Number of protein chains: 2
Amino acid sequence: MKNDDVLGVAMAAYWQGDPADVSVNAITQMAGISKPSLYREFGSEDGLKLAVLDRYAAQVLSEMFVILQGGHGLRATLDAMIDFASDDPRMETGCLFYKMRAGKHRLGPLTRARVEQIDAAGQAAYAAFLQSRRDAGEGIGGLPVDVAAEYLGEQIALAITRRAAGEDAARIRVMLTLALSVLERP
Amino acid sequence: MKNDDVLGVAMAAYWQGDPADVSVNAITQMAGISKPSLYREFGSEDGLKLAVLDRYAAQVLSEMFVILQGGHGLRATLDAMIDFASDDPRMETGCLFYKMRAGKHRLGPLTRARVEQIDAAGQAAYAAFLQSRRDAGEGIGGLPVDVAAEYLGEQIALAITRRAAGEDAARIRVMLTLALSVLERP
DNA sequence: ATAATTAAATACCATTCGGTAACAAAATGT
DNA sequence: ACATTTTGTTACCGAATGGTATTTAATTAT
């Protein structure tokens, strides 16, 4: 087991459970390496979590940005987001980013800063998407773009978080579709 | 400082922050009592949290049930719920019950069982309310009652949780009103 | 082959956690 | 007045945490 494998093991562990409930001891054990090796590679628990989050962002969150920037219509894009949140098998145990965001106060300064940065980027991406749809003449519920963007982001987060809690995927789809239907009004 | 004061101190501490981040040591210190005193009174950390949750349910959650069982119309009841979630000063730091539910896996068996029990009672109350409104001829978005009940409960929880995260109250009101507007359709 | 350097592991540190045993003080019953 | 029970405190326990100093093993350089 080496470098990248350790990151993979850590990401899986954080992602599967709650990042705050997985100790560095547990990770070294799972990865089959010693604790000083991990600390030489990542500096601290905070450094490890930051590296994991960056990997997760590049590997998973990027897909959400791709969907938003695909240039498709409001309906098609929202449907794609609903599909991702409700049915993508990788979201079965929730979203690592949302888990970290929910327990932000338990993170070290490096990871917390990155969480806030990614959160802001997400909000901006939602807003840019909605602005482009409004410019294209599609109604977004008559809402200010930033409000609609935050609403959209929070509903997606809620759906994925409930999925991590073991809620039935079909039911989540129904409720998320319902929540987002308000964005498809004039 | 005695018995009930300790409960009050513990409730305030758990409510203000995150129940999982407040140690029994911290509580004894805040309450100005020794640790064995606390353990003699409540048996364990789990017992203390259970007592706090019961007190919170009787003192705060009961108001939500009162609103739901007030026998008023759909619009009036939802507005009252929106008021409570968005503007009641006691929800400024969030809802202790929702905080415990969010960190359910970190609770002891007694408290976790009570959380699940209260959660089920809440769901039932939402469902009974919606069923009564539908029976009275008011539309609830054409949804099955249990789905609408869960949707309503989750949107309330989301609003209050966001409030604990420091989000602006007016903005939360807008978003919650938006989310619940789907229940006022035929 | 041997010396210098890098990598890894063992064994440890201080702190905090929930929880308790042993003991002192105060109230209560007789 | 004395014995008993309750109430509270100090001081401790074992386990787990994040993090390191020290030592051993494996490279690499000469």
Side-chain angles (χ1 to χ4, degrees), chain A residues 1-54 96 99-100 103-115, chain B residues 1-54 96 99-100 103-115:
Chain A
M1 288 247 185
K2 282 243 93 67
N3 214 327
D4 283 354
D5 294 311
V6 174
L7 257 189
V9 167
M11 184 168 91
Y14 287 144
W15 195 353
Q16 173 92 21
D18 187 316
D21 293 334
V22 179
S23 68
V24 301
N25 293 309
I27 288 175
T28 57
Q29 198 168 337
M30 288 185 266
I33 64 167
S34 74
K35 215 189 314 191
S37 297
L38 189 149
Y39 274 87
R40 219 175 290 109
E41 193 58 39
F42 300 104
S44 66
E45 186 178 32
D46 195 15
L48 171 63
K49 280 185 176 152
L50 175 62
V52 167
L53 175 55
D54 279 341
L96 177 55
K99 287 184 176 187
M100 285 184 170
K104 200 178 0 180
H105 59 281
R106 275 185 265 255
L107 297 174
L110 300 175
T111 313
R112 179 162 53 232
R114 182 75 94 238
V115 163
Chain B
M1 288 244 182
K2 282 242 89 68
N3 213 327
D4 283 353
D5 295 309
V6 174
L7 256 190
V9 167
M11 185 169 88
Y14 287 145
W15 196 352
Q16 173 91 21
D18 188 315
D21 292 334
V22 179
S23 67
V24 301
N25 292 310
I27 289 174
T28 58
Q29 198 167 338
M30 289 184 267
I33 65 167
S34 73
K35 215 190 313 193
S37 298
L38 189 149
Y39 274 89
R40 245 193 283 282
E41 194 58 39
F42 301 102
S44 66
E45 185 178 34
D46 195 16
L48 171 63
K49 280 184 175 155
L50 175 62
V52 166
L53 176 55
D54 279 340
L96 177 55
K99 286 184 177 187
M100 284 184 170
K104 200 176 4 178
H105 60 281
R106 275 184 265 256
L107 297 174
L110 300 176
T111 313
R112 178 163 53 234
R114 184 74 95 237
V115 162

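Just so it is clear, the values below take in all heavy atoms, side chains as well, and ignore hydrogens, waters and symmetry mates. Computed from a prediction, not measured in an experiment: that's the story for all the values here. By convention in this document, chain letters (A, B, ...) are assigned in the order of the sequence lines, proteins followed by strands, and residues within each chain are numbered from 1.
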Checking [X] now: which residues fulfil side chain to side chain donor-acceptor pair (under 3.5 Å) with it, not counting sequence neighbours?
X	value
B/Lys104	none
A/Arg106	B/Asp18, B/Asp21
A/Ser34	A/Ser37
B/Asp46	B/Thr111

Euclidean distance, atom [atom1] of residue [X] to atom [atom2] of [N] [Å, nearest integer]:
X	N	atom1	atom2	answer
B/Leu48	C/dC17	CG	C1'	15 Å
A/Leu38	C/dT10	CG	P	15 Å
A/Glu41	C/dA7	CD	P	10 Å
B/Phe42	D/dT7	CZ	P	13 Å

Give the minimum heavy-atom separation between [X] and [Y], together with the two atoms involved.
X	Y	result
A/Val9	A/Met30	CG1-CB, 3.7 Å
A/Tyr14	A/Leu48	OH-CD2, 3.6 Å
A/Leu50	A/Arg114	CD1-CB, 3.6 Å
A/Lys99	A/Gln16	NZ-O, 3.3 Å

Review point. In Å, rounded to the nearest 0.5 Å, how long is the span from CG of A/Leu110 to CG of A/Asp54?
Key: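 The CG atom of A/Asp54 is 10.5 Å from CG of A/Leu110, to the nearest 0.5 Å.
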Exercise for review: Mind checking the NZ-CD1 spacing from A/Lys49 to A/Ile27? Nearest 0.5 Å is all I need.
Suggested key: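 That separation rounds to 7.5 Å.
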Write out a two-atom table: protein N or O, nucleotide N or O from nucleotides 25-27 of chain C, distance below 3.5 Å.
none

Exercise for review: List in chain and number order the residues that pass salt bridge (Lys or Arg N to Asp or Glu O under 4.0 Å) with B/Arg112, two or more places apart in sequence or in another chain; answer none if no residue qualifies.
Suggested key: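 Salt bridge (Lys or Arg N to Asp or Glu O under 4.0 Å) list for B/Arg112, sorted by chain: empty.
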Point to revise | Protein-to-nucleotide contact annotation, 5' to 3' order, nucleotides 15-21 of chain D [B base; S sugar-phosphate only; - none; under 4.0 Å, heavy atom] | key: --SBBBB
Check your understanding: Should B/Ser37 be listed as having a side-chain N or O under 4.0 Å from OP1 or OP2 of D/dT9?
Key -> yes
Check your understanding: Do A/Arg40 side-chain and C/dA7 base share a donor-acceptor contact under 3.5 Å?
Key ->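 Donor-acceptor pair under 3.5 Å: no.
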Practice item. Pull out every residue in residues 106-115 of chain A that has a heavy atom closer than 4.0 Å to any atom of DNA chain D, ordered by number, or say none. Key: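 Those residues whose heavy atoms fall under 4.0 Å from DNA chain D, taken from residues 106-115 of chain A, amount to none.
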